[in-house]
Amino acid sequence: MPEFALIERLARAIPSRGPGVDLGIGDDAAVLAPEPGKRLAISSDTLNEGVHFLPGADPEALGHKALAVNLSDLAAMGAEPRWALLNLTLPEADADWLDAFARGFAGLATAHELALVGGDTTQGPLSLTVTVLGSLPAQGGLTRSGAGAGDRVFVSGTLGDAAYALGRRQAGVGDSAADLSGTDAALDRPSPRLALGQGLLRHATACIDVSDGLLADLGHVARASGLSAELELASLPGSETLLALPETQRWDLQLCGGDDYELCFTAPPERREAILALGEQLGLPLTEIGFMAATDGAASGAGGEATPAGHGLEPGGNVRCRRPDGSDYTPARPAWEHFSRPGLSGP
Ligand SMILES: [Mg+2]
């Protein structure tokens, strides 16, 4: 299939017109008209076969996920998605693969009224790069650096399902009738928390999406805010499947697993009621899991020298994890981490 036919096929399957698209796919560049008085938030993420997803992965799930991981970054900023660019590197132009990929991408794009306005296609090892542009109010927005001492830490949804599903897949354990948890959906079809991010513009002091694991990502917030964080392990929200695991296995998946694409955010204690009400309104559980504290050397905990390599925490990173009995807990790497691990992409 020649490149122009491939691009036409994608442009037919994925919404490519929408508000603010003065010129979309088909010219040398797209011409976009941002809303007057708004700012643009831009984020880009690459998924490589064998690094971020397993060879032979379902193309429809890939189409969804390539866009979802990018939209999750916009969600973390409180931005409203508008436009996307797609750069596809394919070993061969397989029409069935392409149609399935486009279906997955289009489903999520349509749900969030996002238009595909350009990109590029090349031949090579399978690699998917999506760039998303979103709209932000003229003032405000969510960043990693705004948390204050005493702020509470919240997380949306549940944690650890995607890492659990990945471990099973890598170990060659298929779905069983006993597994009704939908952990595979968490891995293949993450739901970017866009409505939550936009709602949090009114309440949160800092926000990040959980892509590399709660410990690493909350560590980014703590460091950017010049604070430490303390997590109550007993509070970590989990699916029924996760809650049935031995607690250290569950904690390790929830703290270090990654690929959750939930939002972790901070807010002053007096915003708690409003935040829980927002969660009810969105039908999305929001759970308070800890608090931010001034860095005084006392809270070295899991981010200190005892931290296993690869958490993304620099020495002196500062997230302390408390067991239900009050003692400190430092996670071990989950047993299947010696396999190549999807979810190591940047923020
Ligand atoms: Mg991110």
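Counting starts at 1 for both ligands and their atoms, in listed order. We use all heavy atoms of the structure for the numbers below, so side chains are in, but hydrogens, waters and symmetry mates are not. Note that this is a predicted model, so its numbers are computed, not measured.
For the Mg ion (ligand 1), the set of nearby N, O or S atoms under 2.8 Å includes none belonging to Asp217.
Restricting Asp73 to its N, O or S atoms, the one at the least distance from the Mg ion (ligand 1) is OD1. Distances from the Mg ion (ligand 1) to the N/O/S atoms of Asp209 are shortest for OD1.
Between the Ser72 side chain and the Arg193 main chain, no donor and acceptor come within less than 3.5 Å of each other. The main-chain N or O of Val51 is never found under 3.5 Å from a side-chain atom of Asn48 such that the two would form a donor-acceptor pair.
Classification of the Tyr329-Trp251 ring pair by plane angle, with boundaries at 30° and 60°, yields perpendicular.
More than 12 heavy-atom neighbours from other residues, nucleotides or ligands sit within 6.0 angstrom of CD on Glu35.
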